[in-house]
Amino acid sequence: MPEGHTVHRIARQLGLDLVGHRLAVSSPQGRFAAGARRLDGQLLVASRAVGKQLFLEFESGDVLRVHLGLYGAWDFYGRLTPLTPGAVARGSMGAPRLRRAVRMGEDEREVGADAGIDHPFPPEPVGQVRVRLASAETVADLRGPSACEVLDPSQAALAVARLGPDPAADLAEWPGYAPLSNPSTNGQATDAALGSAPSPRSVMIDRLTSRSVAVGQLLMDQSVVAGIGNIYRAELLFRARLDPHTPGRRVPRETAGALWDDWAVLLAEGIRTGVIITRDLTPTEHTDALTDPTLRNWVYHRTGLPCLVSGTPVVVEEMANRNLYWCPTCQK
DNA sequence: TCATCATGCCGAT
DNA sequence: TCGGCCTGATGAT
């Protein structure tokens with residue numbers, strides 16, 4: 001299930017295998033029939049992720065905006081370009097081109113490398129497929145999204161502008177969009193002096209430190225910083241040894257900046273591997289963690305277990321309508 | 001085999 | 001604050 005890293009991986013997969021192709025767009029489920037008609041037959045020109053949202057730009061300027069919500073996912077069939085070495089993959093890497101399906105939207109796994117050989121292409125839709133994007137060789141099926149809509153360019157720009165900065169978004173190449181998320185600059189204090197647009201990092205710091213809401217809530221607020229979900233929230237706070245209840249206003253700017261920097265590192269690593277590993281592990285442990293979720297994190301899903309640093313039992317409480325895991329000894 | 005829960009978020013109430 | 005989305009993993013039965 002999707003925090004920002006997953007959506008970036010999906011954007012990249014679609015970028016590799018469907019961008020530059022003229023697509024057959026359909027809605028086997030029927031709930032997106034009108035939108036599918038509007039996009040059917042168009043060239044897909046760009047695939048971008050901002051936070052947890054996916055923006056697919058077509059030649060007409062129409063943009064398909066997708067949010068996976070809690071259990072949305074993309075299923076890929078047919079020819080797929082391997083994303084990144086080091087990613088979670090069962091079966092051989094760089095194996096045969098033909099794969100029955102690769103699911104993205106949860107911890108990813110590849111269904112047997114040659115499982116598709118006996119199956120027709122394109123395959124029958126499985127379950128409630130809201131949208132199918134199909135080139136001659138690759139099919140991407142979207143199921144269970146919480147948002148799936150066609151926007152015109154100005155509506156899409158508005159949707160992006162409503163989001164906080166994302167360290168992995170490269171909006172510089174997206175003409176007309178908020179100049180918020182150019183990750184190449186990390187502008188410390190020079191923005192004003194240079195008269196340039198504020199850096200994403202400084203935007204995040206400003207938004208996080210200007211409110212009295214608990215930092216544990218602010219990290220989940222997609223207008224403060226985009227892409228962080230419940231796991232990354234808990235783990236970022238632990239890594240910073242920060243009490244989740246600290247009001248944003250009381251978080252020193254240096255601490256807020258360190259949170260941004262750490263998020264950028266964790267996100268990049270999540271995009272690379274496809275899983276959320278937040279502990280500092282040896283290479284061997286890291287390999288084990290790719291297949292064993294219980295090895296990956298400091299506090300997430302570890303209620304009652306001893307904190308790996310202090311030994312204090314990890315506690316869970318509700319914050320921002322979600323379970324928040326933290327160590328009362330380390331984070332104060 | 002069944003019930004519950006989950007890495008999210010929106011809109012109705 | 002609650003239900004919807006309508007999936008898949010997990011743990012209880």
Side-chain angles (χ1 to χ4, degrees), chain A residues 1-10 27-32 35 49-55 65-76 88 90 101-111 125-131 140-149 151 155 158-160 162-164 166 168 216-238 244 263 266-267 269-271 273-279 289-304 316-326:
Chain A
M1 283 159 213
E3 299 197 24
H5 68 302
T6 301
V7 184
H8 278 282
R9 287 175 63 81
I10 291 163
S27 179
Q29 174 198 52
R31 283 189 48 185
F32 188 66
V50 183
K52 299 169 190 169
Q53 302 195 35
L54 176 70
F55 297 89
R65 183 183 76 94
V66 172
H67 196 301
L68 293 176
L70 192 54
Y71 42 71
W74 287 89
D75 292 354
F76 292 91
V88 166
R90 247 194 285 274
V102 178
R103 308 224 42 206
M104 300 187 78
E106 55 193 79
D107 279 0
E108 297 150 32
R109 56 195 186 288
E110 300 184 6
V111 178
V126 174
Q128 299 291 307
V129 176
R130 187 78 58 88
V131 187
D141 282 350
L142 171 65
R143 305 200 288 156
S146 64
C148 174
E149 61 179 353
L151 303 177
Q155 293 171 316
L158 196 61
V160 172
R162 277 197 275 261
L163 292 168
D166 170 348
Q217 291 201 46
L218 291 169
L219 288 182
M220 292 283 276
D221 183 337
Q222 301 300 303
S223 70
V224 171
V225 52
I228 295 174
N230 204 28
I231 300 177
Y232 280 125
R233 161 177 77 165
E235 296 295 306
L236 284 164
L237 289 168
F238 180 86
W263 168 225
L266 291 182
L267 176 58
E269 186 65 4
I271 293 170
T273 63
V275 297
I276 301 177
I277 295 175
T278 52
R279 287 174 62 193
L290 291 177
T291 53
D292 184 354
T294 67
L295 303 175
R296 295 175 189 167
N297 309 122
W298 292 107
V299 289
Y300 179 75
H301 259 347
R302 299 196 74 249
T303 312
V316 62
E317 70 177 77
E318 193 137 309
M319 183 182 283
N321 297 315
R322 313 295 297 282
N323 285 328
L324 168 66
Y325 304 84
W326 61 292

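- Nucleotides B:dC2 and C:dC5 are separated by 22 Å at their P atoms, to the nearest Å.
- The side chain of A:N323 contributes an N or O atom lying less than 4.0 Å from OP1 or OP2 of B:dA6.
- At B:dG8, none of the side-chain N or O atoms of A:H67 fall inside 4.0 Å of OP1 or OP2 (strictly under the cut-off).
- Of all heavy-atom pairs between A:G270 and A:Y232, the closest is CA-OH, 3.8 Å.
- Whole-Å rounding puts the A:L70 CG to B:dG11 P distance at 17 Å.
- In this structure, the CG atom of A:L68 is 16 Å from the C1' atom of C:dG4, given to the nearest Å.
- C:dC2 and B:dC5 have their P atoms separated by 14 Å, with the value rounded to a whole Å.
- Atoms CG (A:D141) and P (C:dC6) sit 14 Å apart, rounded to a whole Å.
- Of the candidate nucleotides B:dT7, B:dC9, C:dC6, B:dT7 has the atom lying nearest to any side-chain atom of A:Y300.
- The side chain of A:Y71 lies closest to B:dA6 when the candidates are B:dA6, B:dG8, B:dT7.
- B:dC9 atom P lies 11 Å from atom CZ of A:R65, rounded to whole Å.
- Look at CG on A:L163: it is 14 Å from P on B:dG8, rounded to the nearest Å.
- Taking both residues in full, the closest heavy atoms of A:L295 and A:R279 are given as O-NH1, 3.2 Å, listed atom of the first, atom of the second, then distance.
- For the atom pair A:N230 CG and A:Y300 OH, the distance stands at 6.0 Å (nearest 0.5 Å).
- Here the shortest heavy-atom pairing between A:E3 and A:I231 reads OE2-N, 2.8 Å.
- Contact between A:P145 and A:V66 at its shortest, heavy atoms only, is CB-CG1, 4.4 Å.
- The minimum heavy-atom distance linking A:L236 with A:W263 is given by the pair CD2-N, 3.6 Å.
- Pairing analysis of DNA chain C (Watson-Crick: purine N1 to pyrimidine N3 plus N6-O4 or O6-N4; G-U wobble: N1-O2 and O6-N3; both under 3.5 Å) yields stems of 3 or more pairs at B:1-6 with C:7-12, B:8-12 with C:1-5.
- Listed pair A:Q29 / C:dC6 meets the phosphate criterion, a side-chain N or O lying under 4.0 Å from OP1 or OP2.
- Comparing the P positions of C:dG11 and B:dT7 gives an interatomic distance of 15 Å, to the nearest angstrom.
- Here the P atom of nucleotide B:dC9 and the CD atom of A:Q53 are 8 Å apart, to the nearest Å.
- At B:dT7, one or more side-chain N or O atoms of A:R322 fall inside 4.0 Å of OP1 or OP2 (strictly under the cut-off).
- A:H5 NE2 to A:T273 OG1: the interatomic distance, rounded to the nearest 0.5 Å, is 7.0 Å.
- An OP1 or OP2 oxygen of B:dC9 is reached within less than 4.0 angstrom by a side-chain nitrogen or oxygen of A:K52.
- Distance from the side chain of A:I276 is smallest to B:dT7 among B:dG8, C:dC6, B:dT7.
- Atom CG in A:N230 sits roughly 13 Å away from atom C1' in B:dC9 (whole-Å rounding).
- The gap from the P atom of B:dT4 to that of C:dG3 amounts to 14 Å, rounded to the nearest Å.
- Applying the 4.0 Å criterion to OP1 and OP2 of C:dC6, one finds that A:R143 has every side-chain N and O outside that range.
- A:R9 places its CZ atom 20 Å from the P atom of B:dT7, with the value rounded to the nearest Å.
- A:W326 and A:P244 get closest at one heavy-atom pair: CE3-CD, 3.6 Å.
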